[in-house]
Amino acid sequence: MALTRNKETMSNRVFVLNPDKSPRMPCIPKRARKMLEAGKAAVWRRYPFTIILKSEAGRQSQPLTLKLDPGSKTTGMALVLEGKTGRQVVWGAELHHRGHAVRDNLTKRRQLRSARRSRKLRHRPARFLNRTRPEGWLPPSLMHRVLTVISWAKRLDRFTMLDSFSMELVSFDTQKMMNPDIQRQDYQKGTLFGTECRAYLMHKWEGKCAYCGRKAEEVEHLVPRSRGGSNRISNLVMSCRKCNNLKDNQTLEEFLKRKPAQLRRIQAQQQASLADTAAVNATNYRLLDELKRFGYPVETGSGAQTSFNRQQQEYDKAHWIDAACVGNSGEQVRVPHLRPLQIKCMGRGNRQMCRTDKYGFPNKHRTRQKVFFGFQTGDICRAIVTTGKKIGAYVGRISVRATGSFALFLGAGKVDGINKRFFQTLQRQDGYSYSF
Ligand SMILES: [Zn+2]
């Protein structure tokens, strides 16, 4: 059933605004095209594609849920409509972060400043340990993730009627593991409880067999079931098949009678709590706090639950599909076959006026100007070139020069040296690049 559902092909819906810029229900592209052709609407934005009606025709709107699967490199986003026929994804996107670029830039700046201090110059004292960090401070590379996701949530709230959020908060939910009735096969493949426990144990044992350190394959009982061992999480470890068979129905102490050091190591790791995993997820908790400020209800789910929901419905693995499968509302959701909008964080340039060579010697100086001839790097433009070697029509993100000879980026390709007179702006730069 689920498989055939995934085969239905659709496009991302088009966002529609009333003449007063209040949001309406997103419509299918065919309907948007008809309205544009009939002159009843105009293009408001290219990415995400949004149209604005010229006259208002009855207010109708159906609230949507924005579902998020935050990741360190990519965050999946899905807008889910809850209608008479059930839940359905109407818009999907993947937001590609630039946390690593933020980190690299800060490292470079630090090195440059440090080199300047030690060069043959007037002494500049090192400035460190003289700053306090505000409560809830996150490194800029991580904060960037929170900020970009929130700015897209705000944007989608402007273009559609959102009424709730749903996000993946933790990779596994320790609250869900208190079920002593769980069966052995549940851990290997199957129930949500099993998936949750397995994800927890895999994290705790770092995917390795507790006994030999090779790749973990099975959930193993320290005190075997046959000898009254419980199904509690404290009685479970990960092991490889070989060690599991070798241990058979011995207890941990019997199995490792001759290896006291290993016995102590396993017992210590078994008792170690995973309380610190909350700190690892600080970025996600911060994102949750920021989402709550919208005033809409926020549903949270675990990563184990997401992958369980996705596998139950036999959907492919993709960030935006994971987003649709987050939480309890992800149990039953129709995911059509669509090309999600790819949104890449590009930044808005930097404030560095002086560029250095590879030795840190200043050799280039930039002007303060960012706009040349009405164009700015990052604008999405159309270029219709009528003369020269590059005759043709192009649409892409541009990179400007003071000379008026611009470069245009189309996906992976690039056309350079196009004169400014051929360009027409479609959308001003907003810190992102878009593709499908
Ligand atoms: Zn092993």
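Since the structure is predicted, the reported quantities are computational estimates derived from the model, not experimental observations. Order of appearance sets the numbers: ligands from 1, and atoms from 1 within every ligand.
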Neighbouring protein N, O or S atoms of the Zn ion (ligand 1) [cut-off: under 2.8 Å, no waters] = Cys209 SG, Cys212 SG, Cys240 SG, Cys243 SG
Side chain of [X], backbone of [Y]: donor and acceptor closer than 3.5 Å?
X      : Y      : result
Arg133 : Trp137 : no
Gln250 : Lys247 : yes
Asn235 : Ser230 : yes

Check whether the ring centres of Phe406 and Phe423 lie less than 6.0 Å apart, and answer yes or no.
->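 Between Phe423 and Phe406, which both carry aromatic rings, the centre distance is below 6.0 Å.
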Sub-6.0 Å ring centroid separation between Tyr211 and Phe255 = yes
Lys/Arg N to Asp/Glu carboxylate O, Asp416 vs Arg401, below 4.0 Å |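 Looking at Asp416 and Arg401, the cut-off is met.
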